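Read through the structure below, which is laid out as structure tokens, and then see the notes.
Everything numeric in this text was worked out from a predicted model, so none of it was measured.
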Amino acid sequence: MTRSRWCALASSALLAATTLVTTSAATSTAAPVRYESESAAISQGVVESNHAGFTGTGFVNFDNVTGSSVEYTVTAPTAGPNADSLTIDTISVAATPVAINGQLHVCGTKLCNQYNKPIQLRGMSTHGIQWYANCIKPASLDALATDWNADILRISMYVQEGGYETNPRKFTDLVHGYIEEATKRGMYALVDWHQLDPGDPNANLARAKTFFTEIADRHKNKNNIIYDIANEPNGVNWAGIKSYAEQMIPVIRAKDPDGVVFVGTHGWASLGISDGRTETDIVNNPINATNFMYTFHFYAASHQAEYFNALSRAADKLPLFVTEFGTQTYTGDGGNDLTYSQKYLDFLASKKIGWTNWNFSDDFRSGAVFKEGTCAGNSFTGTSVLKPAGVWVRERMRTADDFPTS
């Protein structure tokens, strides 16, 4: 069953009464069957169905509603040749991305779910949590998970610029909290070690080891954690980034053997293009590890043909995830180039390459999805609180990937 169908079931089940409503008609003694072909979203009340053995209009009743499953009965005048009621056995209504896909892993160049099927995750990146923590709270995360239908939350923790290095305990605890909030809502939590200046990740190697050792140890039993160990390496060649990754990945593996790791590419995660290099640096000298992906960033108003072509060439050779993109210029500001943005997203969808958009805040720049002042309140659903870029990316997130399970 598709994810959207599960969502309909889940939202209906949560509202359903638990008492069984019956008619005077006899109840079928037939064995329970799966009910996966209804022509309308299942909810308590009247429903029209084309399920085999039950054609017509009936009344749906829910029993034994839990957080992950529900049993329900359809009672109708025409529930088949010899029965007026169809009893349905327990099915899962855990409609969240994590409940469906489980522990992820890298298979070839794709990110795959627990059924070994390639999937595309779509979601949002926070702004720096040292500045915009007020934008990451229950109301906004509820909206992200249920109104936007996001699959993944990228937790952007700057290392410098007033971030981690100023108070490691405070920022590590903030990240712990955000991971728990994403987990409650069934989203994947992408832990972003947002090193930017200095651009060489080796400059923060000791800090990174300390931070990721604790994060991986605390959350190793969760199945929704992804580790993004180098945001936008710059001023460093590919060999230096590779060396860093080959030191950091074992640190995480020692605590969380199954967690997927992301590694930023050179030239501000541009596959080297912003440094005058290309993806061949990586293709010819790949990281010596498994279950990891390389990251790519783009800002559509600035990064066009040369960057898009590099992404296109690399997509069939390297496992990639777009951990940051914007519809504006590389500063996260200015006008939106929605045409080129759509070109990128169409390509990413065709290749099942996941993405997180920058950024889930009310910063004054055009790349922040919320209008200024929004985060002071608790209203985050719908489009009235969004800037144009926010309206655009929300709409594209709401049409979620049809996560395959078989």
Original post:
Using 30° and 60° as the class limits, which term best fits the ring planes of His303 and Tyr299: parallel, tilted or perpendicular?
Top reply: perpendicular
Subject >> Donor-acceptor pair, side chain of Asp228 and main chain of Val191, under 3.5 angstrom >> reply: no
Subject >> Validation row: Ile119, Lys352 side chains within 4.5 angstrom (heavy atoms) >> reply: no
**OP:** Specify the closest pair of heavy atoms between Phe364 and Asp333, including all atoms of both residues, with the distance to one decimal.
**Re:** CE1-OD2, 4.3 Å
Original post:
Counting only heavy atoms not in Lys343, do more than 12 sit closer than 6.0 Å to its NZ atom?
Top reply: yes
Subject >> 4.5 Å side-chain heavy-atom contact, Cys135 and Phe380 >> reply: no
Original post:
Ion pair present between Glu279 and Arg313, side-chain N to carboxylate O less than 4.0 angstrom?
Top reply: yes
Original post:
Quick one: do the Tyr188 and Asp151 side chains pair a donor with an acceptor below 3.5 Å?
Top reply: no
Original post:
In Å, rounded to the nearest 0.5 Å, how long is the span from CG of Asn309 to OG1 of Thr278?
Top reply: 12.0 Å
Original post:
Taking the six-membered ring for Trp, are Tyr158 and His127 parallel (under 30°), tilted (30 to 60°) or perpendicular (over 60°)?
Top reply: parallel
**OP:** Check whether the ring centres of Phe360 and Phe370 lie less than 6.0 Å apart, and answer yes or no.
**Re:** yes
Subject >> His266 and Asn237: side chain donor to acceptor below 3.5 Å >> reply: no
Original post:
Should the pair Lys184-Glu180 be classified as a salt bridge under the 4.0 Å nitrogen-to-oxygen rule?
Top reply: no
Original post:
So, Asn291 side chain and Val106 main chain: donor-acceptor pair closer than 3.5 Å or not?
Top reply: yes
Subject >> Pair Asp173 + Lys170, salt bridge at N-O below 4.0 Å >> reply: no
**OP:** Looking only at non-hydrogen atoms, find the nearest pair between Gln328 and Ala389 and report the distance.
**Re:** NE2-CB, 3.5 Å
Original post:
Can you name the nearest heavy-atom pair linking Ile229 to Met248, along with the distance?
Top reply: CD1-CB, 3.8 Å
Original post:
For the side chain of Asp197 and the backbone of Gly199, is there at least one donor-acceptor N/O pair under 3.5 Å apart?
Top reply: no
Subject >> Note, Leu320 side chain near Thr109 side chain (heavy atom, < 4.5 Å) >> reply: no
Original post:
Which pair of heavy atoms, one from Gln130 and one from Gly162, lies closest together, and at what distance?
Top reply: CB-O, 3.4 Å
Original post:
Below 4.5 Å, heavy atoms only, C-beta onward: do Leu196 and Gln160 meet side chain to side chain?
Top reply: no
**OP:** Can you spot which of Lys255, Arg169, Lys209 makes a salt bridge (charged side-chain N to carboxylate O under 4.0 Å, His left out) with Glu214?
**Re:** Arg169
Original post:
Under a 4.0 Å N-O cut-off, is there an ion pair linking Arg122 with Asp401?
Top reply: no
**OP:** Check whether the side chains of Asp147 and Thr381 place a donor and an acceptor atom closer than 3.5 Å, and report yes or no.
**Re:** no
Original post:
Would you say Ile249 and Ile287 make side-chain contact, with heavy atoms under 4.5 Å?
Top reply: yes
Original post:
Yes or no on side chain to side chain contact (heavy atoms under 4.5 Å, CB included) for Leu190 and Ile155, after CA distance, side-chain angles and deciding distance?
Top reply: CA-CA 6 Å; Leu190 174 57; Ile155 302 163; over 6 Å; no
Original post:
Is there side-chain contact between Asp275 and Trp268, with heavy atoms separated by less than 4.5 Å?
Top reply: yes
Original post:
Is the OH atom of Tyr330 crowded by more than 12 outside heavy atoms at less than 6.0 Å?
Top reply: no
Original post:
Do Phe298 and Phe325 have ring centroids that are under 6.0 Å from one another?
Top reply: yes
Original post:
Which distance, rounded to the nearest 0.5 Å, do you find between the CG of Leu111 and the CD1 of Ile152?
Top reply: 8.0 Å
Original post:
Roughly how far, to the nearest 0.5 Å, is the CZ atom of Phe296 from the OG1 atom of Thr323?
Top reply: 10.5 Å
**OP:** Would you sort out whether Ser302 and Tyr307 count as a side-chain hydrogen bond (donor to acceptor under 3.5 Å, both in side chains), showing the intermediate values?
**Re:** CA-CA 9 Å; Ser302 297; Tyr307 292 80; over 6 Å; no
Original post:
Does the distance from a Lys or Arg side-chain N to an Asp or Glu carboxylate O, for Lys387 and Asp362, drop under 4.0 Å?
Top reply: no
Original post:
Below 6.0 angstrom between ring centroids: does that apply to Tyr344 and Trp355?
Top reply: no
Original post:
Within the side chain of Thr96, is there an N or O that forms a donor-acceptor pair under 3.5 Å with the backbone of Ala99?
Top reply: yes
Subject >> Minimum side-chain heavy-atom gap Trp392-Thr327 below 4.5 Å >> reply: yes
Original post:
Can you tell me if Tyr340 uses its side chain to pair, donor with acceptor, with the backbone of Ala305 under 3.5 Å?
Top reply: yes
Original post:
Judged by atom type as modelled, is there a donor-acceptor pair below 3.5 Å linking the side chain of Trp193 to the main-chain atoms of Asn231?
Top reply: no
**OP:** Using the side-chain hydrogen bond (donor to acceptor under 3.5 Å, both in side chains) rule, pick out the option among His194, Arg154, Glu324 that qualifies with Ser125.
**Re:** Arg154
Subject >> Main-chain N/O of Met124 paired with Thr356 side-chain donor or acceptor, under 3.5 Å >> reply: no
Subject >> Check: Phe308 main-chain N/O paired with Gln304 side-chain donor or acceptor under 3.5 Å >> reply: no
Original post:
For the side chain of Asn288 and the backbone of Glu246, is there at least one donor-acceptor N/O pair under 3.5 Å apart?
Top reply: no
Original post:
If you take all heavy atoms of Ser156 and Asp192, which pair is closest and at what distance?
Top reply: OG-OD2, 3.2 Å
Original post:
Is Asp256 salt-bridged to Lys222, cutoff N-O under 4.0 Å?
Top reply: no
Subject >> Leu174 side, atom CG; Tyr164 side, atom OH - distance, nearest 0.5 Å >> reply: 12.5 Å
Original post:
Do any N or O atoms from the side chain of Asn113 and from the backbone of Asn101 form a donor-acceptor pair under 3.5 angstrom?
Top reply: no
Subject >> Residue Arg277 excluded, over 12 heavy atoms near CZ under 6.0 Å >> reply: no
Subject >> Side-chain donor-acceptor contact under 3.5 Å, His297 with Ser270 >> reply: no
Original post:
In Å and rounded to the nearest 0.5 Å, what is the CG to OG1 distance from Asp337 to Thr339?
Top reply: 5.5 Å
Original post:
What's the verdict on side chain to side chain contact (heavy atoms under 4.5 Å, CB included) for Val391 and Glu395, showing C-alpha distance, side-chain angles and the deciding distance?
Top reply: CA-CA 6 Å; Val391 173; Glu395 183 62 27; 5.7 Å; no
Original post:
Between His105 and Asn116, does a side-chain hydrogen bond (donor to acceptor under 3.5 Å, both in side chains) hold up when you go through it step by step?
Top reply: CA-CA 8 Å; His105 64 283; Asn116 211 37; 2.7 Å; yes
Subject >> Within-4.5 Å side-chain heavy-atom neighbours: Ile215 and Val175 >> reply: yes
Original post:
Under 3.5 Å, is there a donor-acceptor pair linking the side chains of Asn359 and Ser361?
Top reply: yes
Subject >> Neighbour count >12 (heavy atoms, 6.0 Å) for atom CG, Asp346 >> reply: yes
Original post:
Can you tell me how far the CD atom of Gln120 sits from the CG atom of Asp402, to the nearest 0.5 Å?
Top reply: 12.0 Å
Original post:
Nearest heavy-atom pair of Pro233 and Gly264: which atoms, and what distance?
Top reply: CG-O, 3.7 Å
**OP:** Step by step, work out the ring-ring contact (aromatic ring centres under 6.0 Å, His included) result for Phe321 and Phe262.
**Re:** CA-CA 8 Å; Phe321 198 103; Phe262 290 172; 4.8 Å; yes
